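Taking it in order: structure first as structure tokens, then the write-up.
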2 protein chains.
Amino acid sequence: MSNLKDVAELAGVGVGTVSRVINNQVSVKPKTREKVLAAIKQLNYVPNEIARNFKMQKSNLIALLLPSIWNPFFSELAYYIEDELDREGYKLILCNSGGKPAKELYYFDMLSQNKVAGILGITYNDIESSLDTEIPIVSIDRHFSKSVPCVTSDNYTGGRIAMRELYKAGVRKPAFLGAITSVFSETMLRKKGFIDEAETLGLDYIIYEEPDPVLDDLKYFGNFFKVREHREVDGVFAITDLFAAKYIDQAQKHGIRVPQDVKVIGFDGIQDSTLFHPILSTIRQPVEEMARTSVKLLLTQISGNAISQDTIRIPVHFRPGETT
Amino acid sequence: MSNLKDVAELAGVGVGTVSRVINNQVSVKPKTREKVLAAIKQLNYVPNEIARNFKMQKSNLIALLLPSIWNPFFSELAYYIEDELDREGYKLILCNSGGKPAKELYYFDMLSQNKVAGILGITYNDIESSLDTEIPIVSIDRHFSKSVPCVTSDNYTGGRIAMRELYKAGVRKPAFLGAITSVFSETMLRKKGFIDEAETLGLDYIIYEEPDPVLDDLKYFGNFFKVREHREVDGVFAITDLFAAKYIDQAQKHGIRVPQDVKVIGFDGIQDSTLFHPILSTIRQPVEEMARTSVKLLLTQISGNAISQDTIRIPVHFRPGETT
DNA sequence: AATAATTATTGAAACGTTTCCAAAATGGTG
DNA sequence: CACCATTTTGGAAACGTTTCAATAATTATT
């Protein structure tokens, strides 16, 4: 493996000059550049990225910290984030936190030790106090009070749209199906939108929330159906598509027909929701735009420029399916 | 930010000693170690990972190169791979190739420039000739003739099981639904297993293959239904769950009922297939085991040990749903 | 107590870049 | 052609670690 010095010697120039050629600095004479380029080719030289990172004391790595890449919404987001990062010459490090605060902290530590250039974080736990302010961060779906920019979709309006669409489909006793999380997240605005719209419409509604039923769907929905029985719910707005799908699954097992007996709207618009039967009606998040916006914002920060906006909310829209 | 030398000075020892303490080398007197540890704590010293990588000329990064993280099968795989890598102290770089040979090559180049410690590749294109033999590689689902170990599931037996299950469900005119790819991949054995079992059972069958209908499902299935019409197919084995789901979707639009008119079996056992309605019967791949095995194999290679086996095939099993 | 054997420690060198100051080459002007 | 201004170049220093040969300290043996 040849290095800068080898190239410099072969080309009969100094190492500085070779370095300037590689980095496309201006002040190098065309004739010199040619000589260097020829030497590079002859030696089959490739710059040692690690040495560069070392000298510059920063890597071209950006970390994506999220609960689980297995989640279809996150995997779509990750897809676009990686694409955008690659265009900009950065590499993506993937970190699954499992939503556990300890693991999130562990990753933050590890990432700052590894001097990543920036972090894109989807964290639902309170890690605010322990943020390493050295490293640029963009948060997705969660607003920190510090100067960490946040990219999210317009969850509030999404909630209102969902309620309104349920209403249009004839629903008069709507329910919101959510999960309890310990800290405030932008996704909670879905509930707020739902409530505000229901009240605007003068409707009675149920809010049903329990801890995230990752491992215990049956218990979650079992409890819900007990509540539901005596309320005659005829419409459900679930906080995510997966929630909605699981609800439909359980509802059908209870002899409840969707959409005849109960209309359902989800949130996210994950790809597979078009393969669910009935096809899920949902509030589609602009995933691609969220991804690219987050990356751009992060890179702006990395290049040392200030971020004007604190929170960026990208519009959502209703995607009709067969459940409304 | 303090460095090794600062610590050494404060502790009144040489830099080498500090280095040995950090790396838990043996030969360091307890009393010295204590002094060093105290200095580290006092200065709040953290080792500079980049400098380490530089000195060692290798990173603790492992790349996962796959067509698209958006695909639910891959995202599950990636989840477990990241988990296993993290346990072993490695970080995961994610690379979406889009299945494009040019992009795959581009990533291979980039990764070797970045001196990643190893690569886990899911590539369906022929990149064999351009493999950088410097970097340890483990291939998933694709066997290279060179000494690149391959981890896959027992696709052949999976195909046989699928056909047998269709038969048990009463199918007598089965069809295989696949995609054409340019190079040989282990997944093609699914077809072979299907064929062999069908012939063992003395059944007539249809093999239907066209280029992967990523962008043009309608055309793909439209054509299939034209073929299908005059053959009275009553069972379908689709090469992936997503294929199966799309088939069911289209079949229902053509007034074909699943499973009454046609039984369907998929392959993969992706999480969401339990949310499809009807719930998909499928051949479940041991994703977690495949992930962990691949990582272990790669790390074995990285530590310089030879790999005995050339291809590792992990058993699959039938997961009954509502489509058979 | 002297010597040998072992264990522990030191600090310079090296890894491959980028950067920066000084020096050299070039170009323009009177 | 001599002088100054500008452009281009050379190469040492520095980034923070690991490693290794040399040296110092400790322990064991007689």
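Just so we're clear, the structure is a prediction, and the values are computed from it rather than from any experiment. Any value given below was found using the heavy atoms of this structure, including those in side chains, with hydrogens, waters and symmetry copies removed.
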Candidate list B/L85, B/L297, B/D83, B/V151, test side chain to side chain contact (heavy atoms under 4.5 Å, CB included), partner B/R292, passing option: B/D83
Residue that, paired with A/I122, satisfies side chain to side chain contact (heavy atoms under 4.5 Å, CB included) out of A/S294, A/S185, A/P67: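 Going through A/S294, A/S185, A/P67 one by one, the side chain to side chain contact (heavy atoms under 4.5 Å, CB included) with A/I122 is satisfied by A/P67 alone.
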Does [X] have a side-chain nitrogen or oxygen under 4.0 Å from the phosphate oxygens OP1 or OP2 of [N]?
X     : N      : answer
A/N23 : C/dT18 : yes
B/N3  : D/dG16 : yes
A/K29 : D/dT7  : no
B/R52 : D/dT18 : yes
A/T17 : D/dG10 : yes
A/S19 : C/dT18 : yes

Between [N] atom [atom2] and [X] atom [atom1], what is the distance in whole Å?
X      : N      : atom1 : atom2 : value
A/I50  : C/dT18 : CD1   : C1'   : 17 Å
A/Q113 : D/dG16 : CD    : P     : 15 Å
B/M56  : C/dC15 : CE    : P     : 12 Å
B/K5   : C/dT10 : NZ    : P     : 15 Å
B/N53  : D/dT17 : CG    : P     : 12 Å
B/K58  : D/dT18 : NZ    : C1'   : 13 Å
B/E34  : C/dA8  : CD    : C1'   : 16 Å
A/M1   : C/dG16 : CE    : C1'   : 12 Å

Closest-nucleotide ordering on DNA chain C, the 5'-leading residue of B/F54 and B/R33: B/R33
Along DNA chain C (nearest heavy atom to each residue), the more 5'-positioned of B/V18 and B/A51: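 Result of the comparison: B/V18.
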Candidate nucleotides [options], ranked by approach to the side chain of [X] - the nearest:
X     : options                : result
B/Q57 : C/dC15, C/dT17, D/dT8  : C/dC15
A/V13 : D/dC15, C/dG16, D/dG10 : D/dG10
A/K55 : D/dC15, C/dC15, D/dT9  : D/dC15

Residue A/K58 excluded, over 12 heavy atoms near NZ under 6.0 Å: no
Whether B/W70 and A/Y79 hold their rings parallel, tilted or perpendicular, with breakpoints at 30° and 60°: tilted
Side-chain H-bond candidate by donor/acceptor type, B/N96 with B/S68, under 3.5 Å: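 Absent: no donor and acceptor within the cut-off.
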Sugar-phosphate only, base, or nothing, as touched by A/V15 at under 4.0 Å among non-hydrogen atoms: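 The residue A/V15 makes base contact.
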